[in-house]
Each structure stands twice: as structure tokens, then as C-alpha cells.
Trainee: 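Below is a structure I'd like to ask you about.
Proteins get letters first, then strands, A, B, ... in listed order; numbering begins at 1 in each. Side-chain atoms are counted along with the backbone in the values below, which use heavy atoms only and exclude waters and symmetry mates.
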2 protein chains.
Amino acid sequence: MRPSITTRETAPRKAIAALIAERHGHFTAADLLADARRSNLTIGRATVFRTLDLFAEQGALERLDLPSGEHAYVACVPTEHHHHVVCRSCGASAEVADTGLQAVVRQIGDRSGYRIDSHRLELYGLCPTCRRVGAQ
Amino acid sequence: MRPSITTRETAPRKAIAALIAERHGHFTAADLLADARRSNLTIGRATVFRTLDLFAEQGALERLDLPSGEHAYVACVPTEHHHHVVCRSCGASAEVADTGLQAVVRQIGDRSGYRIDSHRLELYGLCPTCRRVGAQ
DNA sequence: CTTCATGCAAACCCTTTGCACGTCG
DNA sequence: CGACGTGCAAAGGGTTTGCATGAAG
């Protein structure tokens, strides 16, 4: 289906993938680096960045721009086009299909005269758990 | 209508506003700083950042996160909630109302269980002019 | 073996901060 | 005049790069 980017199965990459799997919400490169140090793994800063880029290209990660301007990542299954809902309290995130959004995008294209070929929708709020707990 | 944030009409602020007015598409803080130098204006780096923040708070600018991860700004009229369509060729941008998006957001909230309280939609494509010229 | 990935450190941004001076109102 | 804004330089983060070593296929 896909040209599958040529990459090697290296120890650092497996380690980083494992660290990501243990995380719940979104995380930054610095978070991962800290995780690695905590686990006594010797992984270079550069490797973390290079690997995050790689995973993002492969679709296993998606890069988010938080409202604060921070660059974060979330794990996601490389599936159809989708968007993320991010909890501003605990950082958890969920994937959502863009049902209905296609129509909105098309309409915006028509009205603006732009030929729209990509878009990003990011949603922020409180996840069910944090709602219940009453976090603000 | 609005508490109108208290600010002073200073020379640097007017100068920066003028530089912004001369720009067409989106721009970064570095762009503005370069503009200022080019015009032989003595404006400190810090002032540019502080002023951009100020304008953004006032609603005269909106901060965009380009797909590249760059932080850019676009001028906009401080009006209702809206979104921006950005031309990936020339950087021009247009404002669009979020007609229909409200419904999508509501639906996503229902399905995901999140209480969504803010969102960002950014659209990328080619503006009418670049389409005509055939830019890719 | 050959190619590709790593680690390290330095280099490079971009953005913020501390502080003394200038100025708007 | 008093509060607020400015410029400068330095600090602070985040991200990238150059290069020799090491591992993968």
C-alpha cells in the first residue's frame, strides 16, 4: 500500500517507541529525553529529535501545536485522516474522525476562492475523567 | 463594548503597526525585526515580541502555527471568532467565518465525551492568484 | 562490507528577562 | 511626576548540525 520508508530497527528507536507507549497524553521531546534518563538509557538528544521526526513521517505520531506554542506529539494509529481532542487539564487526547468537517472545508474553499489542500483542526477541553473530578 | 486594554501610543508601537500594514501575508517576529532594520528603525528585539503579544491580545493579530512549526502572525480585524486560510505559495491569508464548524465541534464533543471549550482550525492551500499563475 | 544511525558537543535559532533610562499622559 | 514602555545585553530553552564511531542488513 505504501512505499514504507526504509529504516533500521535500532536499539534507540525501540527504546523510544517503548517510552512513548508508556505515556498517556501528549508529550514533548524534552519529556521523552527525561524519561530516557530516568530509565538510565543513554540516548542522545539529537536521536530523540531525529526519531520523533521519523515516527511522525511514518504516521505513528502526530505533531501538535499547543495553544501555549509548545510543540508536542501524540501517538496515533496511522489511519485515515483524523484530528485530536486534547485535555487541557491532564493532557490526555483522543482521536476523532473528521466527519462533517470535509463539508465545512469544501464550503470554505468555495467562499474564499482558495484551493484548500490541507487543514489542521485541534480541539481543547476537558476529558471525561477531568470533568468528573471537577478540574477547571 | 470592551474593557479596552490600557496601552500607550508610543513611537515603536506605531512603527511596528506600520510595518505590519505593509506586509501582505503572514510573518514572523524575525521578519518584522528585519523590516525594522531595513528601514533604519531602532527597535529592540524584545519590543517586537512584546508588541506582537500586545496586538494579539487586542485582537489585531492572530498567531498561527504553520505546518513547519514556525510561529507566525497575521493581521485581522478584531471581529467574531474566525479562522484563517493561508496560501502556501505566497503566504497571503483570508479570514473565514466558522459557519458549520460549530456543529462539527459540538458533535465531536458528544462523541468523545470531552467538554470542548476551544479549537483552532487552520487551512492551507493556494490563493486565487497563485492558482491562476499555476504555482504548485 | 557499505550504508545508515548514534552520541556528543557545539552551534543556532527563537524568545524572555533584568535593569537603567526615557517618555507618555 | 509617576507609571509604563524601551533598548540592550545576557540568559534560557528548544532544535539542529558536524563528525568520528558503531551497528544493521
Trainee: Walk along nucleotides 9-22 of chain C from 5' to 3' and tag each nucleotide B, S or - by protein heavy-atom contact under 4.0 Å, base first, then sugar-phosphate.
Mentor: ------BBBB----

Trainee: In the structure I gave you, are the side-chain heavy atoms of Ile108(A) and Asp98(B) within less than 4.5 Å of one another anywhere?
Mentor: no

Trainee: Determine to 10° how strongly the helix from dC1(C)-dG25(D) to dG25(C)-dC1(D) is bent, judged from the axes of its five-pair ends.
Mentor: 50°

Trainee: How would you list, by chain and number, every residue that makes a side chain to side chain contact (heavy atoms under 4.5 Å, CB included) with Ser39(A), sequence neighbours excluded?
Mentor: Leu19(A), Leu41(A)

Trainee: Run the salt bridge (Lys or Arg N to Asp or Glu O under 4.0 Å) test against Asp53(B) and tell me which residues pass, sequence neighbours left out.
Mentor: none

Trainee: So which pairs with a foot in residues 36-74 of chain A pass ring pair (Phe, Tyr, Trp, His ring centres under 6.0 Å), sequence neighbours left out?
Mentor: His71(A)-His71(B)

Trainee: Using the test salt bridge (Lys or Arg N to Asp or Glu O under 4.0 Å), find all partners of Glu122(A) that sit at least two apart in sequence or belong to another chain.
Mentor: Arg120(A), Arg120(B)

Trainee: Please enumerate all residues that pass side chain to side chain contact (heavy atoms under 4.5 Å, CB included) together with Thr10(A), with sequence neighbours excluded.
Mentor: Arg8(A), Pro12(A), Arg13(A)

Trainee: Give the residues of residues 12-19 of chain A touching DNA chain C, defined as any heavy atom closer than 4.0 Å, sorted by residue number.
Mentor: Pro12(A), Arg13(A)

Trainee: Would a 4.5 Å heavy-atom cut-off, applied to side chains only, mark Thr7(A) and Leu54(A) as touching?
Mentor: yes

Trainee: What are the bounds, 5' to 3', of the part of DNA chain D that sits under 4.0 Å from heavy atoms of chain A?
Mentor: dT15(D) to dG25(D)

Trainee: Restricting to ring-ring contact (aromatic ring centres under 6.0 Å, His included), what partner residues turn up for His82(B), sequence neighbours left out?
Mentor: His84(B)

Trainee: Tell me whether the OP1 or OP2 atom of dA5(C) has a side-chain N or O from Thr10(A) closer than 4.0 Å.
Mentor: no

Trainee: Mind checking the OH-OG spacing from Tyr124(B) to Ser93(B)? Nearest 0.5 Å is all I need.
Mentor: 10.5 Å

Trainee: Are Cys90(A) and Cys127(A) packed together at the side-chain level, in the sense that at least one heavy-atom pair is separated by less than 4.5 angstrom?
Mentor: yes

Trainee: Report the distance from atom CZ of Arg37(A) to atom P of dG7(C), rounded to the nearest whole Å.
Mentor: 11 Å

Trainee: Hey, can you pull the donor-acceptor pairs under 3.5 Å for the side chains in residues 25-35 of chain B, sequence neighbours left out?
Mentor:
unit_1	atom_1	unit_2	atom_2	d
Thr28(B)	OG1	Ala30(B)	N	3.4
Thr28(B)	OG1	Asp31(B)	N	3.1
Thr28(B)	OG1	Asp31(B)	OD2	3.3
Asp31(B)	OD2	Thr28(B)	N	2.8
Asp35(B)	OD1	Arg23(B)	NH2	3.1
Asp35(B)	OD1	Arg38(B)	NH1	3.0
Asp35(B)	OD2	Arg23(B)	NE	2.8
Asp35(B)	OD2	Arg23(B)	NH2	3.3

Trainee: Which residues pass the ring-ring contact (aromatic ring centres under 6.0 Å, His included) test with His119(A), sequence neighbours left out?
Mentor: His81(A), His83(A)

Trainee: How many angstroms lie between CG in Leu126(B) and OH in Tyr114(A), if you round to the nearest 0.5 Å?
Mentor: 9.5 Å

